[in-house]
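These notes concern the structure reproduced below.
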2 protein chains.
Amino acid sequence: MGRGRVQLKRIENKVNQQVTFSKRRSGLLKKAHEISVLCDADVGLIVFSTKGKLFEYATDSCMERILERYERCSYVERQLKAPALESPGSWNLEHAKIKARLEVMQRNQRHYMGDDLDSLSLKNLQNLEHQLDGSLKKLRSRKVCFV
Amino acid sequence: MGRGRVQLKRIENKVNQQVTFSKRRSGLLKKAHEISVLCDADVGLIVFSTKGKLFEYATDSCMERILERYERCSYVERQLKAPALESPGSWNLEHAKIKARLEVMQRNQRHYMGDDLDSLSLKNLQNLEHQLDGSLKKLRSRKVCFV
DNA sequence: AAATCTATGTATAAGGT
DNA sequence: TACCTTATACATAGATT
């Protein structure tokens, strides 16, 4: 693309990386939208920049719907892979969905409590640290109201 | 692209749609991977074909990680948007229980994120602060392992 | 840092096998 | 149906402003 060949490796120059990110991000979102419309596909695209900013595209602007569908889908797969451990009975889809969400939240919560950190990469840890720091700041400014 | 101009509308011919889907899907996945590597971005891409088949790409092949991060980022918004998924019908006890747990966790999570603090007493705030402080300590000692 | 400009590399729509 | 081929449209790297 463009005047130079591109090597598939991290762009070290921060400025170039940021420019390329911006250009390619818009291209990627556009193509996600195109395949969604042209091929009647359900698409969810989540992109976090290096600095942690979120960009997203979802068919019909409803990421929630896509993620629920994804969770249902991967939940079902998990069910098929590990059969008799779980539900023998007649579970409906709604239940599977809500159960999958609960599982995700439980894992999140353990992380918020500083547990199960072994499963997180350095980058994840940094994100979490940033989140917790922010929470503490908010909390402390709230405490002031009680003084 | 290719020999014809493309109009951004659903391809009605099923065969063409399927062919285009297959080509564009691989292109999209490739570009998702490229931006992930080149720009050190965290990318999650979910695509369901018309027929419901799932295709996905995630940085480091870990979609759950991306989705957790996404949930952390957009959780509060999603709560506000999707309040009443209530079903008045015949839910069994198991479902009711699991749903209640989810609600509790959702409220907790907002607190962990430093939101909805108005509903907490000073004592609760102090407990939460202590918890978050502890989490950060654990997290930072875990980070040391990466140095 | 953001917007615009082009030369060039890629993706892909049609068509062929 | 699925895989080649190729002409063309599109995306974008690097430069410029």
Side-chain angles (χ1 to χ4, degrees), chain A residues 1-61 63 66 70 73 77 123 126-127 130-131 133-134, chain B residues 1-61 63 66 69-70 73-74:
Chain A
M1 318 127 176
R3 303 191 174 178
R5 290 225 171 82
V6 81
Q7 277 196 74
L8 196 56
K9 55 172 283 199
R10 184 190 151 112
I11 297 170
E12 295 299 339
N13 180 306
K14 280 293 169 194
V15 174
N16 286 351
Q17 191 194 72
Q18 157 61 32
V19 171
T20 292
F21 178 72
S22 168
K23 288 178 176 179
R24 281 177 173 260
R25 170 170 41 83
S26 70
L28 190 61
L29 294 175
K30 183 180 173 193
K31 280 189 177 289
H33 178 58
E34 287 177 354
I35 197 175
S36 173
V37 173
L38 291 171
C39 306
D40 197 29
D42 232 8
V43 179
L45 173 60
I46 293 168
V47 183
F48 287 99
S49 73
T50 284
K51 287 185 283 186
K53 184 162 180 196
L54 170 65
F55 302 86
E56 61 185 296
Y57 169 81
T59 301
D60 300 328
S61 305
M63 185 64 81
I66 312 278
Y70 179 81
C73 204
E77 276 170 28
K123 188 141 198 177
Q126 286 166 339
N127 290 334
H130 183 256
Q131 174 67 62
D133 260 330
Chain B
M1 317 129 178
R3 303 192 173 178
R5 288 222 172 85
V6 82
Q7 277 195 73
L8 196 56
K9 55 172 283 199
R10 186 189 150 113
I11 297 169
E12 296 298 339
N13 180 307
K14 281 292 170 196
V15 174
N16 287 351
Q17 191 195 71
Q18 157 61 31
V19 171
T20 293
F21 178 73
S22 167
K23 288 178 177 179
R24 281 179 174 259
R25 170 171 41 84
S26 70
L28 190 62
L29 294 175
K30 183 179 174 192
K31 281 190 178 286
H33 178 58
E34 287 177 355
I35 197 174
S36 174
V37 172
L38 292 171
C39 306
D40 197 29
D42 234 6
V43 179
L45 173 60
I46 293 167
V47 183
F48 287 100
S49 74
T50 286
K51 287 184 282 185
K53 184 163 181 194
L54 170 65
F55 302 87
E56 62 185 297
Y57 169 81
T59 301
D60 301 329
S61 304
M63 184 64 81
I66 311 278
R69 190 172 175 188
Y70 180 80
C73 247
S74 69

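Heavy atoms only: backbone and side chains are in, while hydrogens, waters and symmetry mates are out. Chain identifiers are assigned alphabetically (A, B, ...) following the order of the sequence lines, protein sequences preceding nucleic acid strands; residue numbering begins at 1 within each chain. Model, not experiment: these values are computed from the prediction.
Distance CD (A/Gln18) to C1' (D/dA13): 15 Å, rounded to an integer number of Å. A straight line from CG of A/Leu8 to P of D/dA13 spans 12 Å, rounded to a whole angstrom. The CD atom of B/Gln17 sits 18 Å away from the C1' atom of D/dA2 (whole-angstrom rounding). To the nearest angstrom, C1' of C/dT10 lies 16 Å from NE2 of B/His33. Between B/Glu12 atom CD and C/dA13 atom P the separation is 16 Å, expressed in whole Å. If you take CZ of B/Phe21 and P of C/dT12, they are 12 Å apart, rounded to a whole angstrom. Rounded to a whole Å, the CD1 atom of B/Ile35 is 14 Å from the C1' atom of D/dA13.
Considering only heavy atoms from C-beta on, A/Leu45 comes within 4.5 Å of A/Leu28 through its side chain. With a 4.5 Å cut-off on side-chain heavy atoms, B/Val43 and B/Ile35 count as touching. In this structure, B/Lys9 and A/Leu38 have side chains that are not in contact, with every pair of non-hydrogen atoms separated by 4.5 Å or more.
Rounded to the nearest 0.5 angstrom, B/Tyr70 OH and A/Ile46 CD1 are separated by 5.5 Å.
Partners of B/Thr20 by side-chain contact (heavy atoms from CB on, under 4.5 Å), not counting sequence neighbours, listed by chain and number: A/Cys39, B/Ile11, B/Arg24.
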With the criterion being N/O to N/O and under 3.5 Å, what pairs connect the protein with nucleotides 8-10 of chain D, and how long is each?
from: D/dT8; atom 1: O2; to: B/Gly2; atom 2: N; distance (Å): 3.1
from: D/dT8; atom 1: O2; to: B/Gly2; atom 2: O; distance (Å): 3.3
from: D/dA9; atom 1: O4'; to: B/Met1; atom 2: N; distance (Å): 3.4
from: D/dA9; atom 1: O4'; to: B/Gly2; atom 2: O; distance (Å): 3.3
from: D/dA9; atom 1: O3'; to: B/Met1; atom 2: N; distance (Å): 3.2

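When each of A/Val19 and B/Lys23 is assigned the nucleotide of DNA chain C with its nearest heavy atom, A/Val19 is the one assigned upstream, toward the 5' end.
Salt-bridge annotation for B/Asp40 and A/Lys123: present, with a side-chain N of the basic residue lying under 4.0 Å from a carboxylate O of the acidic one.
Nucleic acid contact for B/Ser22: none, since no nucleic acid atom lies under 4.0 Å from a heavy atom of the residue.
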